[in-house]
Asker: 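One structure, as structure tokens, below. Some questions next.
Just so it is clear, the model here is predicted, and its values are computed rather than measured.
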Amino acid sequence: MKSIEINGSLRTETGKKATNSLRKSNNVPCVLYGMQKDENGNQVATHFTVPVDGLRKLVYTPHIYVVDLTIDGKTVNAILKDIQFHPVTDAILHVDFLQINEEKPIVMEVPVQMEGLAEGVKAGGKLALQIRKLKVKALYNIIPERLVINVTNLGLGKTIKVGELSYEGLELLNAKEAVVCAVKLTRAARGAQAAAGK
């Protein structure tokens, strides 16, 4: 997985008024959930801000990253946990980060990439990717940048489901019956099939 550097500043004030003024000055309120836990067993949260421009490469990309997150001079490894966008303008409203523990698995969505020319496409079908990202659980250092699926043997009308996939060291968390990709019958393919069946 690629890494990206992000620099933030600790927030002294939280609350709606402080948050709104942050956004007006082109900063995004963020939270880092660390490895330490409080007396109630909840992860200790660090509130900080990052300039909007500092988040663009992490947010507006198909890639996934390990984040070298520096907050007031202290650096930790983290991943993007959650992000909130404005419903109308799509502006970034809030970002949650999760600190990585090298010995504990993390859950992350990894992009899917199809490889090969499907048999069904040669026969006139259309290849469709139904799930663009799969949710995986694994140690962060073995999570790949993308999950490659070979579709060469996929025939007309056939599908590949989550339960048929396996990757070393990764646990797939999506429903096993969920269809990842399929070769759909086109009108031309149906015509060819009908003609062949005569």
Asker: Which atom names give the shortest non-hydrogen contact between Val183 and Ala118, and what distance separates them?
Answerer: CG2-CB, 4.0 Å
Asker: Are Ile64 and Phe85 connected into the same hydrophobic cluster when the rule is that any two of I, L, V, M, F, W, Y join if their side-chain heavy atoms are below 4.5 Å apart?
Answerer: no
Asker: Please find the pair of heavy atoms, one from Lys184 and one from Ala128, that lie closest to each other, and give the distance.
Answerer: CE-CB, 4.0 Å
Asker: For Asp53 and Arg56, which heavy atoms make the closest approach, and how far apart are they?
Answerer: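 Heavy atoms only, the tightest pair is OD1-NE, 3.0 Å.
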Asker: Nearest 0.5 Å, please: how far is CG in Leu98 from CG in Asn77?
Answerer: 11.5 Å
Asker: Enter the distance from Tyr33:OH to Lys81:NZ here, rounded to the nearest 0.5 Å.
Answerer: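 The distance works out to 5.5 Å.
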Asker: Within a strict 4.5 Å, meaning less than it, do heavy atoms of the Ile143 and Ile106 side chains meet?
Answerer: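 The answer is yes, as the side chains (C-beta and beyond) meet within the 4.5 Å cut-off.
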Asker: Take Leu147 and Val136 through the test side chain to side chain contact (heavy atoms under 4.5 Å, CB included) and record every step on the way to the result.
Answerer: CA-CA 10 Å; Leu147 298 170; Val136 306; 3.9 Å; yes
Asker: Hey, does Thr75 have a side-chain heavy atom less than 4.5 Å from the side chain of Leu69?
Answerer: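 No - every pair of side-chain heavy atoms lies 4.5 Å or more apart.
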Asker: Quick check: do Leu129 and Met114 have side-chain heavy atoms less than 4.5 Å from each other?
Answerer: yes
Asker: Around atom NZ of Lys122, are there more than 12 heavy atoms of other residues, nucleotides or ligands at under 6.0 Å?
Answerer: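 Yes, NZ of Lys122 has more than 12 neighbouring heavy atoms, counting only those of other groups under 6.0 Å.
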Asker: When you look at Leu154 and Leu127, which way does the side chain to side chain contact (heavy atoms under 4.5 Å, CB included) test go after all the steps?
Answerer: CA-CA 9 Å; Leu154 199 57; Leu127 185 62; 4.1 Å; yes
Asker: In Å, rounded to the nearest 0.5 Å, how long is the span from CD1 of Ile142 to CD of Glu168?
Answerer: 8.0 Å
Asker: Write down the atom of Gly169, the atom of Ala138, and the distance for their closest heavy-atom approach.
Answerer: O-CB, 3.4 Å
Asker: Is there side-chain contact between Phe97 and Thr46, with at least one heavy-atom pair below 4.5 Å?
Answerer: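 No, their side chains stay 4.5 Å or more apart.
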Asker: Could you tell me whether a side-chain N or O of Tyr167 sits under 3.5 Å from a main-chain N or O of Val148, the two making a donor and an acceptor?
Answerer: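 Answer holds: yes.
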Asker: Less than 4.5 Å apart, any side-chain heavy atom of Lys57 and any of Ile4?
Answerer: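 Contact flag for Lys57/Ile4 side chains = yes.
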Asker: Begin from the C-alpha positions of Val180 and Leu165 and carry the test side chain to side chain contact (heavy atoms under 4.5 Å, CB included) through to its verdict.
Answerer: CA-CA 10 Å; Val180 183; Leu165 300 172; 3.9 Å; yes
Asker: Using the rule that Ile, Leu, Val, Met, Phe, Trp and Tyr join whenever any side-chain heavy atoms are under 4.5 Å apart, tell me whether Leu139 and Val76 fall into a single cluster.
Answerer: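 The answer is no; the residues belong to distinct hydrophobic clusters.
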Asker: Closest approach of Met1 and Val66, non-hydrogen atoms and distance?
Answerer: CE-CG2, 3.8 Å
Asker: The test is salt bridge (Lys or Arg N to Asp or Glu O under 4.0 Å); show your working for Glu164 and Lys161 and say whether it passes.
Answerer: CA-CA 6 Å; Glu164 297 166 50; Lys161 295 179 180 176; 5.8 Å; no
Asker: Output the distance between atom CE (Met108) and atom NZ (Lys133), rounded to the nearest 0.5 Å.
Answerer: 8.5 Å
Asker: Around Gln113, counting heavy atoms of other residues, nucleotides and ligands shown, do more than 12 lie under 6.0 Å from its CD?
Answerer: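 Atom CD in Gln113 is packed in, count exceeds 12.
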Asker: Give the cluster check for Leu170 versus Val112: same hydrophobic cluster or not, with ILVMFWY residues linked at side-chain heavy-atom distances below 4.5 Å.
Answerer: yes
Asker: Working to the nearest 0.5 Å, report the span between CD1 of Ile92 and CD1 of Ile83.
Answerer: 5.0 Å
Asker: Could you report the tightest heavy-atom contact between Ala175 and Val162, atom names first, then the distance?
Answerer: O-CB, 3.3 Å
Asker: At what distance, to the nearest 0.5 angstrom, does CD of Glu171 lie from NZ of Lys135?
Answerer: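 It comes to 12.0 Å.
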Asker: Please test Asn7 against Val50 for side chain to side chain contact (heavy atoms under 4.5 Å, CB included), starting from the C-alpha separation and ending with a verdict.
Answerer: CA-CA 7 Å; Asn7 294 301; Val50 176; over 6 Å; no
Asker: If you group Ile, Leu, Val, Met, Phe, Trp and Tyr by side-chain heavy-atom gaps below 4.5 Å, do Ile100 and Val67 land in one group?
Answerer: no
Asker: Does NZ belonging to Lys176 count more than 12 external heavy atoms closer than 6.0 Å?
Answerer: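 12 or below, so no.
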Asker: Using side-chain heavy atoms (C-beta onward) and a distance below 4.5 Å, is Tyr65 in contact with Ile79?
Answerer: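 A side-chain contact under 4.5 Å is absent here.
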Asker: Do Leu55 and Ile6 have side chains that approach each other closer than 4.5 Å (heavy atoms only, starting at C-beta)?
Answerer: yes
Asker: Pairs of donor and acceptor atoms involving the side chains of residues 15-32, under 3.5 Å and at least two apart or interchain, shall be tabulated with distances.
Answerer:
{"from": "Thr19", "atom 1": "OG1", "to": "Arg11", "atom 2": "NH2", "distance (Å)": "3.2"}
{"from": "Thr19", "atom 1": "OG1", "to": "Gly15", "atom 2": "O", "distance (Å)": "2.7"}
{"from": "Asn20", "atom 1": "ND2", "to": "Lys16", "atom 2": "O", "distance (Å)": "3.4"}
{"from": "Ser21", "atom 1": "OG", "to": "Ala18", "atom 2": "O", "distance (Å)": "3.2"}
{"from": "Arg23", "atom 1": "NE", "to": "Leu93", "atom 2": "O", "distance (Å)": "3.1"}
{"from": "Arg23", "atom 1": "NH2", "to": "Leu93", "atom 2": "O", "distance (Å)": "2.9"}
{"from": "Ser25", "atom 1": "OG", "to": "Ser21", "atom 2": "O", "distance (Å)": "3.3"}
{"from": "Ser25", "atom 1": "OG", "to": "Leu22", "atom 2": "O", "distance (Å)": "2.9"}
{"from": "Ser25", "atom 1": "OG", "to": "Asn27", "atom 2": "ND2", "distance (Å)": "3.2"}
{"from": "Asn27", "atom 1": "ND2", "to": "Ser25", "atom 2": "O", "distance (Å)": "3.3"}

Asker: Are the side chains of Asp72 and Leu10 in touch, meaning some heavy atoms are under 4.5 Å apart?
Answerer: yes
Asker: Any chain of hydrophobic side-chain contacts (each under 4.5 Å) joining Leu156 to Val179?
Answerer: no
